[in-house]
Engineer: 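The structure is given below, and queries will be raised subsequently.
Small disclaimer: the values here were computed from a predicted structure and weren't measured. Proteins come first, then strands; the chains are lettered A, B, ... in the order of their sequence lines, and each starts at number 1.
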2 protein chains.
Amino acid sequence: MPQGTEKTDICSRLRETGLRPTRQRLALGELLFGQGDRHVTAEMLHEDAVRNKVPVSLATVYNTLHQFTQAGLLREVSVDRSKTYFDTNVTSHHHFYCEHSGTLFDVPDNQIGIVGLPVAPDGMEITRIDVVVRVTKKSTNDAT
Amino acid sequence: MPQGTEKTDICSRLRETGLRPTRQRLALGELLFGQGDRHVTAEMLHEDAVRNKVPVSLATVYNTLHQFTQAGLLREVSVDRSKTYFDTNVTSHHHFYCEHSGTLFDVPDNQIGIVGLPVAPDGMEITRIDVVVRVTKKSTNDAT
DNA sequence: ATTTGTGCAAATCGTTTGCATCTGA
DNA sequence: TCAGATGCAAACGATTTGCACAAAT
């Protein structure tokens, strides 16, 4: 996986949105975008950072995650009230969510489509449509 | 609005699921199912109860909401990490969610359809598909 | 030098839990 | 009577916030 380009890319994208390319932000950006699509929670990214010798505080991870989201680099996904996931894939796509393990993953390609787009009531407009396909382990022998 | 029938109905349904039809549960059931479809949070229902001279504690509201959900009387909807909504409409349908006001409401009829149901990976099976159409106030003059 | 970001710890907020009391069957 | 339900307040866990210090331009 040839890269090194991402760093520069992130750097520019941060500048574009007025975010200073600080040590932490670049490092977190590397972790987030240097490994393909990821679905992380603040805690997961924090652990990942520490594991990779990038000592950032949880608070900074939260800040960064939100700043990146606002900058359009990440997409926030709410599937469970207990945790907030951030998806590095900002293109239009949907998710599988396993309540069993709390895992979130993309629905391959665009296997899912929507028909009959409803009209938003009042003076509202649709900003986005989230589809979450909830799954569980098959109960063939549910004795997990 | 002719009713009174709901109470009995709730009573039986509670019994069916092994839940004692207590004063609080019946009262909350009335509030929940006596006014058509509702999308409430624990706090909303609690306020509603107090307002209607049904003094229940927040804890009991939470308990009841979860018990009703487990009994199949309610459906839990996660749209925002900050609040959990409970929908009195347990049939298959989807939602509009206005991030502006934090309001949740049903998509009329089944204006929305899904095409290309994906296959669940591994040994998993789909339990349910949630579609949330996020909307905001039209930015005609966004100076709210 | 100035401004913006970071870390820590305390503060929030929705939700859950423990336990003593009360209620329904 | 007795298991199950309720209320209260303390406990919780994820996220946010305030403020002193550090880093980037």
Engineer: Report the distance from atom CG of Asn63(A) to atom P of dA14(D), rounded to the nearest whole Å.
Structural biologist: 18 Å
Engineer: Taking only side-chain nitrogens and oxygens of Thr84(A), does any of them come within less than 4.0 Å of OP1 or OP2 of dA14(D)?
Structural biologist: no
Engineer: Is any N or O donor-acceptor pair between the side chain of Arg20(A) and the base of dT25(D) shorter than 3.5 Å?
Structural biologist: no
Engineer: Think Arg23(B) has a side-chain N or O under 4.0 angstrom from the OP1 or OP2 of dA5(D)?
Structural biologist: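 The answer is no; no side-chain N or O of Arg23(B) sits under 4.0 Å from OP1 or OP2.
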Engineer: Could you work out which one of dG7(C), dA9(D), dT6(D) sits closest to the side chain of Ser57(A)?
Structural biologist: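 When the side chain of Ser57(A) is considered, dG7(C) is the closest of dG7(C), dA9(D), dT6(D).
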Engineer: Would you mind reading off the distance between Leu65(B) atom CG and dT17(C) atom C1', rounded to a whole angstrom?
Structural biologist: 17 Å
Engineer: For a quick test of reading the model: is some side-chain N or O of Gln24(A) closer than 4.0 Å to OP1 or OP2 of dG7(C)?
Structural biologist: yes
Engineer: OP1 or OP2 of dT6(C) sitting under 4.0 Å from any side-chain N/O of Thr22(A)?
Structural biologist: yes
Engineer: Looking only at the side chain of Glu43(A) (C-beta and beyond, no hydrogens), which of the listed nucleotides dG7(D), dA14(D), dG7(C) gets closest?
Structural biologist: dA14(D)
Engineer: Quickly work out the Asp80(A) CG to dT16(C) P distance and round it to whole Å.
Structural biologist: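 Rounded to the whole Å, the gap is 11 Å.
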Engineer: Taking NE2 from His46(B) and C1' from dT15(C), how many angstroms apart are they, rounded to a whole number?
Structural biologist: 14 Å
Engineer: Can you check whether Arg25(A) has a side-chain N or O nearer than 4.0 Å to OP1 or OP2 of dT6(C)?
Structural biologist: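 So the side chain of Arg25(A) is within the cut-off, an N or O lying under 4.0 Å from OP1 or OP2 of dT6(C).
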Engineer: Whole angstrom is fine here: how far is it from CE in Met44(A) over to P in dA14(D)?
Structural biologist: 13 Å
Engineer: Rounding to a whole Å, what distance do you find between Leu26(A):CG and dA23(D):C1'?
Structural biologist: 13 Å
Engineer: Could you work out which one of dT25(D), dT17(D), dT15(C) sits closest to the side chain of Pro21(A)?
Structural biologist: dT25(D)
Engineer: Can you give me the closest heavy-atom contact between Thr136(B) and His100(B), atom names plus distance?
Structural biologist: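 In this case the closest contact between Thr136(B) and His100(B) is CG2-CB, 4.4 Å.
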Engineer: Ignoring backbone atoms, establish whether Thr60(A) has a side-chain N or O less than 4.0 Å from OP1 or OP2 of dT6(C).
Structural biologist: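 For dT6(C), OP1/OP2 do not have a side-chain N/O of Thr60(A) under 4.0 Å.
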Engineer: Determine the interplanar angle of the Tyr97(B) and Tyr85(B) rings, folded into 0 to 90°, and report it as parallel if under 30°, tilted if 30 to 60°, perpendicular if over 60°.
Structural biologist: perpendicular
Engineer: Between P on dA14(D) and NZ on Lys83(B), what's the gap in Å once rounded to a whole number?
Structural biologist: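 It works out to 21 Å between those atoms.
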Engineer: Can you work out whether Arg81(B) or Val56(B) has the more 5'-proximal nearest nucleotide on DNA chain D?
Structural biologist: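 The residue closer to the strand's 5' end, by nearest nucleotide, is Val56(B).
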Engineer: Test Val61(B) against every option in Glu43(B), His46(B), Met44(B) by the side-chain contact (heavy atoms from CB on, under 4.5 Å) rule and name the one that passes.
Structural biologist: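 Among Glu43(B), His46(B), Met44(B), the one meeting side-chain contact (heavy atoms from CB on, under 4.5 Å) with Val61(B) is His46(B).
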Engineer: Ring-plane angle category for His39(B) and His95(B), please: parallel below 30°, perpendicular beyond 60°, tilted otherwise.
Structural biologist: perpendicular
Engineer: At less than 4.0 Å, is any side-chain N or O atom of Tyr62(A) found next to OP1 or OP2 of dT15(D)? Yes or no.
Structural biologist: yes
Engineer: Is the phosphate of dT16(D) approached by His66(A) (side-chain N or O, under 4.0 Å from OP1 or OP2)?
Structural biologist: yes
Engineer: When the distance from CG of Leu58(A) to P of dA10(C) is rounded to whole Å, what number comes out?
Structural biologist: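 It works out to 15 Å between those atoms.
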Engineer: With a 6.0 Å cut-off on the ring centroids, do Phe86(A) and His66(A) count as close?
Structural biologist: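 Distance test on ring centres: under 6.0 Å, yes.
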